[in-house]
Amino acid sequence: MATSVRGGGFVLPPAAAGRSFSSQSNLLSNRLLLLPKIGPVCAPRFCKLRSSSPFAVEPSATIIDGKAIAQQVRQEIAAEVSKMKESVGKVPGLAVILVGTRKDSETYVRSKKKACEEVGIDSYGVNLPEDTTQDEVLNFVKKFNDDPAVHGILVQLPLPKHISEEAIVGSVCIEKDVDGFHPMNIGALAMQGRTPLFVSCTPKGCIELLVRTGVVIKGKHAVVIGRSNIVGTPAALLLQKQNATVTVVHSKTPNPAEVTRNADIVIAAVGVPELVRGDWLKPGAVVIDVGINPVEDLSTKKGYRLVGDVCYKEACQVASKITPVPGGVGPMTIAMLLSNTLESAKRAYGLVDAAP
Ligand code: NAP
């Protein structure tokens, strides 16, 4: 028995029939919204912040408004989707596989669905119970891989512990790997003369923010703090592709403040609230803060608020441009997901050159 999930010929096997189907979302998700990535300095639930700041002058940095820029990107995507519909009678499709019932993942999936709807991208999705086997998930990936109406596939992370993320992420065909997590796409990003089919959304969003706010990257010294596969490493590789001279700082780097002080551009993707202080920055540096960290704040309804990896108050007085948290990199991540899905559909319908 099979149940069709929207057009596109995708069918569900019996195991999933009768369950709810949602759409959209991706990745980095669970950190993105809401929930506590508990870093090394965190208390059981929320981190406490260092309080005193030696900086007392008025802030001078220009705020990079990620929300407004992401909105502009979405409008551009909506216009392109509508052009595609006119010229080939098709629109891009994004499929999401969600396993389990984590509230944060469900929220994230819903927000992606909404984002797709707003720009005219079709969303397909399947919600599977926590006890779904790895083979069942692989089966869904295969079905979406084979479905021509689907141009992008996201497997919502984290997956339950009994499922190998590596196996699942690696099973998404690279032509639909809109998360850019597939080793082939990351490998191509690292190679001279190669262009990946997709770059992961958050680092791509960081570069987009720099470019759209007129920051010159070529020839500049950039320091990326953090070297994860999904943010720090691809951010460093992208900056290098843009001809910056790049230094990567990580948890074993001696004196990270001194290294960071040499940077014209700083991308912080650490997961430690307000690690980067004002005195880590060269005056006039451009600061992109990827971090999303909940810290205790009893004055708020929820009892916490979100801060970045950079001490915003201090950095504002030293940097020339800076992204806020929230409202900086976060909104760009979803915009880049839509952008990757559009690119994929354009490739599929011959509206751009085939694979680079
Ligand atoms: P991750 O996988 O935990 O990686 C953190 C990186 O930071 C690691 O490379 C680690 O070094 C390094 N690090 C940790 N402590 C350090 C220290 N004290 N000094 C220097 N480097 C240190 O985290 P992630 O997935 O890259 O995420 C980073 C942050 O970005 C988190 O706050 C996350 O919530 C946020 N995020 C935001 C978005 C968005 O859309 N805005 C998307 C994704 C992630 P080692 O490699 O040596 O361990």
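In this text the structure is predicted, and so the values were computed from the model without any measurement. Ligands are counted one by one from 1 in listed order, and the atoms in each one are counted from 1 as well.
- Residues Y124 and H151 keep their aromatic ring centres 6.0 Å or farther apart.
- Proximity to G330 (heavy-atom distance under 4.0 Å) selects the following atoms of ligand 1: 40 (O), 41 (N).
- In this comparison of M332, R227, H250, K252, the heavy atom closest to atom 20 (C) of ligand 1 sits on H250.
- Every atom of ligand 1 with a heavy atom of G291 under 4.0 Å away is listed here by number and element: 29 (C), 30 (O), 32 (O), 35 (C).
- Numbered from 1 in the order shown, with element, the atoms of ligand 1 that lie under 4.0 Å from a heavy atom of I230 read 25 (O).
- Proximity annotation for atom 5 (C) of ligand 1: of T260, I225, V270, V249, V270 comes nearest, heavy atoms only.
- At a heavy-atom cutoff of 4.0 Å, ligand 1 is contacted by both the backbone and the side chain of V290.
- Proximity of a side-chain donor or acceptor of N185 to a complementary backbone N or O of L197 within less than 3.5 Å is detected.
- Smallest separation of non-hydrogen atoms from V287 and A319: CG2-CB, 3.8 Å.
- A search for side chain to side chain contact (heavy atoms under 4.5 Å, CB included) contacts involving Q134 returns L138, I163, S164, A167, I168, not counting sequence neighbours.
- With salt bridges taken as basic N to acidic carboxylate O contacts below 4.0 Å, one links K114 and E118.
- The closest approach between A269 and ligand 1 falls below 4.0 Å for a heavy atom of the residue.
- Here is the list of ligand 1 atoms found below 4.0 Å of a heavy atom in G271: 28 (C), 29 (C), 31 (C), 32 (O).
- Using a 4.5 Å heavy-atom threshold, the side chains of I322 and Y312 count as touching.
- If you number the atoms of ligand 1 from 1 as listed, the ones under 4.0 Å from a heavy atom of N293 come out as 32 (O).
- Those atoms of ligand 1 that come under 4.0 Å of a heavy atom in V231, given as number and element, are 26 (O), 43 (C), 44 (C).
- The CG atom of L275 sits 7.0 Å away from atom CG of D309, with the distance rounded to the nearest 0.5 Å.
- Of the options K218, K321, K282, a salt bridge (charged side-chain N to carboxylate O under 4.0 Å, His left out) to D264 is made by K282 and by none of the others.
- For ligand 1, the polar-atom distance check against I292 finds a nitrogen or oxygen pair separated by under 3.5 Å.
- Using a cutoff of 4.0 Å between basic side-chain nitrogens and carboxylate oxygens, E274 and K313 are not scored as salt-bridged.
- The closest approach between a heavy atom of T202 and any atom of ligand 1 is below 4.0 Å.
- Applying the 4.0 Å criterion to heavy atoms of G226 picks out, from ligand 1, the atoms 6 (C), 7 (O), 9 (O), 12 (C).
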